[in-house]
Amino acid sequence: MSKTALIIGATGLVGGHLLELLIKCENYNKIVLLSRRPLPLADEKVQQHIVDFDQLDQYQLLFNDVDDVFCTLGTTMKKAKTKEQFVKIDFEYPLKVAKLAKQNGVQQFFIVTAMGANQHSRFFYNQVKGNVEAAIREVDLPALFIIRPSLILGERNEQRFGEDLGQKITKAFPFLFKGLLKKYQPNRAQDVAKAMINLALKDDVGTFVVDSSLIEKHKKNHNAYE
């Protein structure tokens, strides 16, 4: 099996791990990157394209012959500064990517949202995540994987107080995330990436919601990139 993957958001924490693992994965012979800025890497499997996300229609040809699209785009209100900009990055861009994937015959689409994603949430962040999930469902892709991690752990270039605190709690009290609280256990960014690749290699059809506990399950199922 020789597949082509396209990543949106490879400069982020999860996207970066996803790129590293896909380069190692023998099942993928080509990786297309769409990003705002270049990554300092040179690998024969990787094709980098610097794009204007406000003009995504111009890059439709880059979706040709792509099997799997991985969308790991996401920001925070602190970085976005306004609700309008947050909606653009976390709703409008992923939805446009999903539509381009559908138009070009992409078989599998992965999007990372959040554990609390809910259209009817009182919290703006969770509401936007729920809205993008619902909108992409309507695109009717052959296979849609909605990845809902809990707190994502990993080394970022920026400091996020909530994530720093979460890492400390997880290390100090690992026994907290058992039973009914299992779905709240934080996920390492690398494990989120592993789970997505393992699910992609199964070539299932349908719509799947993968929460924190399922991420922990699916991260273990394949060793093609080890």
Side-chain angles (χ1 to χ4, degrees), residues 1-75 87-113 132-147 192-208 210 218 222 224-225:
M1 180 171 58
S2 186
K3 306 180 77 176
T4 295
L6 185 148
I7 305 176
I8 310 286
T11 56
L13 182 58
V14 173
H17 283 291
L18 182 65
L19 174 58
E20 290 179 10
L21 294 172
L22 284 172
I23 289 173
K24 297 176 183 177
C25 184
E26 297 177 355
N27 299 80
Y28 289 87
N29 67 347
K30 182 179 175 182
I31 305 162
V32 180
L33 304 184
L34 271 59
S35 61
R36 295 186 186 87
R37 63 181 188 273
L39 285 167
L41 65 86
D43 188 281
E44 60 182 11
K45 291 173 67 170
V46 179
Q47 295 184 1
Q48 293 198 58
H49 300 273
I50 309 306
V51 304
D52 178 355
F53 280 87
D54 289 320
Q55 305 293 331
L56 279 170
D57 281 325
Q58 295 182 7
Y59 311 102
Q60 182 166 345
L61 292 178
L62 299 179
F63 288 77
N64 284 351
D65 301 318
V66 169
D67 300 290
D68 305 328
V69 169
F70 298 90
C71 181
T72 61
L73 275 180
T75 188
V87 169
K88 179 178 285 190
I89 296 171
D90 279 59
F91 178 85
E92 293 178 12
Y93 293 163
L95 178 57
K96 187 60 185 180
V97 170
K99 289 179 177 180
L100 289 173
K102 173 70 174 182
Q103 293 168 16
N104 286 273
V106 169
Q107 294 302 300
Q108 300 190 107
F109 188 92
F110 290 76
I111 181 168
V112 178
T113 61
V132 76
E133 288 183 5
I136 291 178
R137 284 176 184 265
E138 292 297 318
V139 176
D140 195 28
L141 290 143
L144 170 61
F145 292 84
I146 296 169
I147 312 299
V192 177
K194 283 184 178 182
M196 285 195 286
I197 296 174
N198 291 335
L199 288 164
L201 294 177
K202 294 172 66 177
D203 287 317
D204 288 333
V205 175
T207 298
F208 307 89
V210 183
H218 289 294
H222 200 279
Y225 42 74

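Along the sequence shown, residues carry numbers from 1.
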Notebook entry, point to check: Just one of V32, L6, L56 clears the side chain to side chain contact (heavy atoms under 4.5 Å, CB included) bar with F63, so which one?
Noted result: L6
Checklist line | Contact check, side chains of R137 and I146, non-hydrogen atoms, under 4.5 Å | finding: yes
Check: Does the side chain of Q108 reach to within under 4.5 Å of the side chain of D67, using non-hydrogen atoms?
Finding: no
Notebook entry, point to check: When you measure from the side chain of T72 to the backbone N and O of I8, does any donor-acceptor pair fall under 3.5 Å?
Noted result: yes
Notebook entry, point to check: Any Lys/Arg nitrogen of D52 or R36 sitting under 4.0 Å from an Asp/Glu carboxylate oxygen of the other?
Noted result: no
Next item on the list: Evaluate the criterion side-chain contact (heavy atoms from CB on, under 4.5 Å) for residue pair V192 and H17; output intermediate values, then yes/no.
Entry: CA-CA 9 Å; V192 177; H17 283 291; over 6 Å; no
Notebook entry, point to check: Just wondering, do D203 and Q107 contact through their side chains at under 4.5 Å, heavy atoms?
Noted result: no
Next item on the list: Grab the two heavy atoms, one from I50 and one from R37, that are nearest each other, plus how far apart they are.
Entry: CD1-C, 3.4 Å
Margin query: Using the rule given for side-chain contact (heavy atoms from CB on, under 4.5 Å), can you reason through Q47 versus L33, listing the C-alpha separation, both sets of side-chain angles and the distance that settles it, and then say yes or no?
Written below: CA-CA 6 Å; Q47 295 184 1; L33 304 184; over 6 Å; no
Note to self: Given 3.5 Å as the limit, does a donor-acceptor pair link the side chain of D90 with the main chain of T75, or not?
What the structure shows: yes
Note to self: Between K30 and V46 (side chain of the first, backbone of the second, donor and acceptor by atom type, cut-off under 3.5 Å), is there such a pair?
What the structure shows: no
Notebook entry, point to check: How many angstroms lie between atom CD of E138 and atom NZ of K99, to the nearest 0.5 angstrom?
Noted result: 10.5 Å
Checklist line | Full working for side-chain contact (heavy atoms from CB on, under 4.5 Å) between V51 and S35 | finding: CA-CA 6 Å; V51 304; S35 61; over 6 Å; no
Notebook entry, point to check: Going from CD1 on I147 to CZ on F70, what distance comes out if it is rounded to the nearest 0.5 angstrom?
Noted result: 9.0 Å
Check: If only atom types and distance count, is the side chain of Q48 paired as donor or acceptor with the main-chain N or O of P38 below 3.5 Å?
Finding: no
Note to self: Donor-acceptor check, side chain of K3 to backbone of A200, threshold 3.5 angstrom: yes or no?
What the structure shows: yes
Checklist line | Close side-chain approach of N64 and L61, heavy atoms under 4.5 Å | finding: yes
Notebook entry, point to check: Which pair of non-hydrogen atoms, one from C25 and one from I197, has the smallest distance, and what is that distance?
Noted result: SG-CG2, 4.4 Å
Notebook entry, point to check: How many angstroms lie between CG in D65 and OG1 in T4, if you round to the nearest 0.5 Å?
Noted result: 7.0 Å
Checklist line | Which atom of P94 lies closest to which atom of I111, heavy atoms considered | finding: CB-CD1, 3.8 Å
Notebook entry, point to check: Distance from I136 atom CD1 to C71 atom SG, nearest 0.5 Å?
Noted result: 6.5 Å
Notebook entry, point to check: When the ring planes of Y93 and F53 are compared, do they come out parallel, tilted or perpendicular, using 30° and 60° as the limits?
Noted result: tilted
Notebook entry, point to check: Sub-3.5 Å donor-acceptor pair from the side chain of D68 to the main-chain atoms of A5, do we have one?
Noted result: no
Checklist line | Distance (rounded to the nearest 0.5 Å) between E20 CD and L41 CG | finding: 9.5 Å
Check: Is there a donor-acceptor pair closer than 3.5 Å between any side-chain N or O of K45 and the backbone N or O of Y28?
Finding: yes
Next item on the list: Run the numbers on M196 and V210 for side-chain contact (heavy atoms from CB on, under 4.5 Å), then give the verdict.
Entry: CA-CA 9 Å; M196 285 195 286; V210 183; over 6 Å; no
Next item on the list: Say whether S2 and N29, considering side chains only, have a donor N or O and an acceptor N or O under 3.5 Å apart.
Entry: yes
Next item on the list: Any chance you could measure T11, atom OG1, to L39, atom CG, to the nearest 0.5 Å?
Entry: 6.0 Å
Margin query: Under a 3.5 Å distance rule, please check whether N104 uses its side chain to pair with a backbone N or O of V106 as donor and acceptor.
Written below: no
Check: Just by modelled atom types, is the H49 backbone N or O under 3.5 Å from a matching donor or acceptor in the Y59 side chain?
Finding: no
